[in-house]
J.: 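The structure that follows is given in the form of structure tokens.
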Amino acid sequence: MKLSFQTDDGIGTRANFGVIVLETDETIEHEFRQIFAGDGIGLYVSRIPMAAQVRPDTLVQMLSHIPGSARLLPPALSFDAIGFGCTSAATVIGPGKVAEAVNTVCPDAKVSNPLSAIIAAGQALVAQKLGFVTPYVAEVSAQMRERLEDAGFEIAAFGSFEEGSDPVVARITPASILAGIERVAATAPCDAVVVSCTNLRCLDIIAEAEEKTGVPVITSNQALAWHMLHLAGVEIIDPKFGLLFGPSKEPDRLGVAS
């Protein structure tokens, strides 16, 4: 017996989003599923090869794999925005090259990455002096710090877990991250605290960290999700995701950083 059926517009009736995730990342999908949970929002994930050790030489190798990973996103869909889910790799490779690599496969999609998203978030929150928390080894942290300073921010205070193994980074407890945010924020006056790395489990402690420090907290996953949503013209207001997910920010500050 052949059954009849009807078709509709699928899941992403408001917008379709893709995200390219490191094979070693254990966190971004979990946090993105919470943020992109609204009706009519389609979220699709592809993985990209990545060495377990986070160093500049291992990070830059990902550039050649980006088109292949983008190609594994559902080809029948037209994506409103695609995120490249690695802050440190976007820093080392450069946001422009990341976007070009994604657009070779998905030419109509707007492309973001955590570095560009953090910069856009900091600008939208009118932050200039940043507290900066990373899990990275010194060389990787220094490159991202330089990128933020090039974008016009001042790094008022800095702290790092100095861990080079991505699987270990995924095991750093939210309580440890919260304590790190508080310690960095207490070191010097700042307008916001940035917590870099998509593998750090930050989403559930953002609101508490903001309450304890008195300043906005910008994390890689939270900022990337927020930026992708805004690039697609979708607004989600939810205080549990931090002040960044408050009422609309200035639209002219939401472009992708080059």
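Model, not experiment: these values are computed from the prediction. Worth knowing before you read on, the calculation uses all heavy atoms, side chains too, and leaves out hydrogens, waters and symmetry mates.
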J.: Say whether, by atom type as modelled, one donor and one acceptor occur between the side chain of Glu163 and the main chain of Ser165 under 3.5 angstrom.
T.: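 Yes; judged by distance alone, with no hydrogens or angles, the pair exists.
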J.: Quick one: OG on Ser176 to CD1 on Ile205, what's the gap to the nearest 0.5 Å?
T.: 10.0 Å
J.: Taking all non-hydrogen atoms of both residues, which atom of Gln222 and which atom of Val217 are closest, and how far apart?
T.: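 Minimum heavy-atom contact is NE2-O, 3.1 Å.
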J.: Without swapping roles, check the side chain of Lys129 against the backbone of Asp191 for a donor-acceptor pair under 3.5 Å.
T.: no
J.: Is Val60 reachable from Val102 through a run of hydrophobic residues whose side-chain heavy atoms are each under 4.5 Å from the next?
T.: yes
J.: State, to 0.1 Å, how close Val169 and Cys197 come at their nearest heavy-atom pair, and which atoms those are.
T.: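 Smallest heavy-atom distance, with atoms named: CG1-SG, 3.9 Å.
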J.: Are any of the side-chain heavy atoms of Glu235 and Trp226 separated by less than 4.5 Å?
T.: no
J.: What distance separates Ile119 CD1 from Leu115 CG, expressed to the nearest 0.5 Å?
T.: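 One finds 4.0 Å between CD1 of Ile119 and CG of Leu115.
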J.: Would you say that Val234 contacts Ile41 through its side chain, given a criterion of any heavy-atom pair below 4.5 Å between the two side chains?
T.: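 Answer yes - side chains close enough.
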J.: Ignoring hydrogens and angles, write down the donor-acceptor pairs under 3.5 Å from the side chains of residues 63-75, residues two or more places apart or on other chains.
T.:
unit_1: Ser64; atom_1: OG; unit_2: Gln61; atom_2: O; d: 3.2
unit_1: Ser69; atom_1: OG; unit_2: Arg47; atom_2: O; d: 2.8
unit_1: Ser69; atom_1: OG; unit_2: His65; atom_2: O; d: 3.3

J.: What's the shortest heavy-atom distance between Thr91 and Arg147, and which atoms?
T.: O-NH2, 3.2 Å
J.: Run the side-chain contact (heavy atoms from CB on, under 4.5 Å) test on Ile35 and Leu43 for me, step by step, so that the C-alpha distance in whole Å, both residues' side-chain angles and the decisive distance to 0.1 Å come before the verdict.
T.: CA-CA 10 Å; Ile35 298 172; Leu43 177 64; over 6 Å; no
J.: Would you check, one step at a time, whether the test side-chain contact (heavy atoms from CB on, under 4.5 Å) holds for Ile172 with Leu200?
T.: CA-CA 7 Å; Ile172 295 174; Leu200 285 176; 4.0 Å; yes
J.: Tell me whether the count of non-hydrogen atoms from other residues, nucleotides or ligands lying under 6.0 Å of CD in Glu146 goes above 12.
T.: no
J.: In Å and rounded to the nearest 0.5 Å, what is the CD to CD distance from Glu149 to Glu154?
T.: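 The CD atom of Glu149 sits 8.5 Å away from the CD atom of Glu154.
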J.: Could you tell me whether a side-chain N or O of Thr104 sits under 3.5 Å from a main-chain N or O of Ala101, the two making a donor and an acceptor?
T.: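 Checking the backbone N and O of Ala101 against the side chain of Thr104, a donor-acceptor pair under 3.5 Å is found.
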J.: Working to the nearest 0.5 angstrom, can you tell me the gap between Ile118 CD1 and Thr219 OG1?
T.: 7.5 Å
J.: With a 4.5 Å cut-off on side-chain heavy atoms, are His227 and Asn113 touching?
T.: no
J.: With the 4.5 Å side-chain cut-off for hydrophobic clustering, are Val111 and Val105 part of the same group?
T.: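 No, Val111 does not connect to Val105 through the hydrophobic network.
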J.: Quick one about Tyr136 and Ser196 (side-chain donor to acceptor, distance below 3.5 Å, no hydrogens or angles considered), yes or no?
T.: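 There is such a pair (donor and acceptor under 3.5 Å, judged by atom type) between the side chains of Ser196 and Tyr136.
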J.: Using distance only, find each side-chain donor-acceptor pair of residues 5-16 under 3.5 Å and give its atom names and separation, not counting sequence neighbours.
T.:
unit_1: Asp8; atom_1: OD1; unit_2: Gly10; atom_2: N; d: 2.9
unit_1: Arg14; atom_1: NH1; unit_2: Asp39; atom_2: O; d: 3.3

J.: Can the ring centres of Tyr44 and Phe17 be said to be less than 6.0 Å apart?
T.: no
J.: Could you tell me how the ring of Phe245 sits relative to the ring of Phe241: parallel (under 30°), tilted (30 to 60°) or perpendicular (over 60°)?
T.: perpendicular
J.: Which atom names give the shortest non-hydrogen contact between Cys202 and Glu31, and what distance separates them?
T.: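 Heavy atoms only, the tightest pair is N-OE2, 3.0 Å.
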J.: Begin with the C-alpha distance, continue with both residues' side-chain angles, and end with the deciding distance and a verdict on side chain to side chain donor-acceptor pair (under 3.5 Å) for Thr198 and Ser220.
T.: CA-CA 5 Å; Thr198 61; Ser220 287; over 6 Å; no
J.: Rounded to the nearest 0.5 Å, what's the gap from OG1 on Thr87 to CG on Asn221? Could you check?
T.: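 So the gap between those two atoms works out to 7.5 Å.
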J.: Should Gln143 and Val92 count as side-chain neighbours, where that means a heavy-atom distance under 4.5 Å?
T.: yes
J.: Give, for atom CZ of Phe84 and atom NZ of Lys97, the distance between the pair rounded to the nearest 0.5 Å.
T.: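 It comes to 13.0 Å.
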J.: Keeping Arg201 on the side-chain end and Thr27 on the backbone end, is there a donor-acceptor pair under 3.5 Å?
T.: no
J.: Surrounding CD of Glu23 (heavy atoms of other residues, nucleotides or ligands, distance under 6.0 Å), is the total greater than 12?
T.: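 It does: Glu23 CD has more than 12 such atoms within range.
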J.: Output yes when Glu26 and Arg171 qualify as a salt bridge under the 4.0 Å nitrogen-oxygen rule, no when they do not.
T.: yes
J.: Does the side chain of Thr134 reach to within under 4.5 Å of the side chain of Phe158, using non-hydrogen atoms?
T.: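 Yes, their side chains come closer than 4.5 Å.
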J.: Could you walk me through whether Phe132 and Val184 pass the side-chain contact (heavy atoms from CB on, under 4.5 Å) check?
T.: CA-CA 7 Å; Phe132 186 34; Val184 167; 5.8 Å; no
J.: Under 6.0 Å from the CZ atom of Arg33, do we count more than 12 heavy atoms belonging to anything else shown?
T.: yes
J.: Looking only at non-hydrogen atoms, find the nearest pair between Gly180 and Val133 and report the distance.
T.: O-CG2, 4.1 Å
J.: Using a 4.5 Å cut-off on heavy atoms from C-beta on, say whether the side chain of Val194 contacts that of Phe153.
T.: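 Result no, sub-4.5 Å side-chain heavy-atom pair not found.
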J.: Taking side-chain hydrogen bond (donor to acceptor under 3.5 Å, both in side chains) as the cut-off, I'd like each qualifying pair that reaches into residues 207-218, sequence neighbours left out, listed once.
T.: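 Residue pairs passing side-chain hydrogen bond (donor to acceptor under 3.5 Å, both in side chains), neighbours aside: Glu208-Lys212.
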J.: Do Ile48 and Val21 have side-chain heavy atoms sitting under 4.5 Å apart?
T.: no
J.: With a 4.5 Å cut-off on side-chain heavy atoms, are Ile82 and Val19 touching?
T.: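 Answer no - side chains too far apart.
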J.: Taking all heavy atoms of Val215 and all of Cys190, pick out the closest pair and write down the distance.
T.: CG1-O, 3.3 Å
J.: Side chain of Asp204, backbone of Pro174: donor and acceptor closer than 3.5 Å?
T.: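 A pair under 3.5 Å: no.
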J.: Can you list the steps and then say if Met144 with Ser88 is a side-chain contact (heavy atoms from CB on, under 4.5 Å)?
T.: CA-CA 7 Å; Met144 187 172 181; Ser88 51; over 6 Å; no
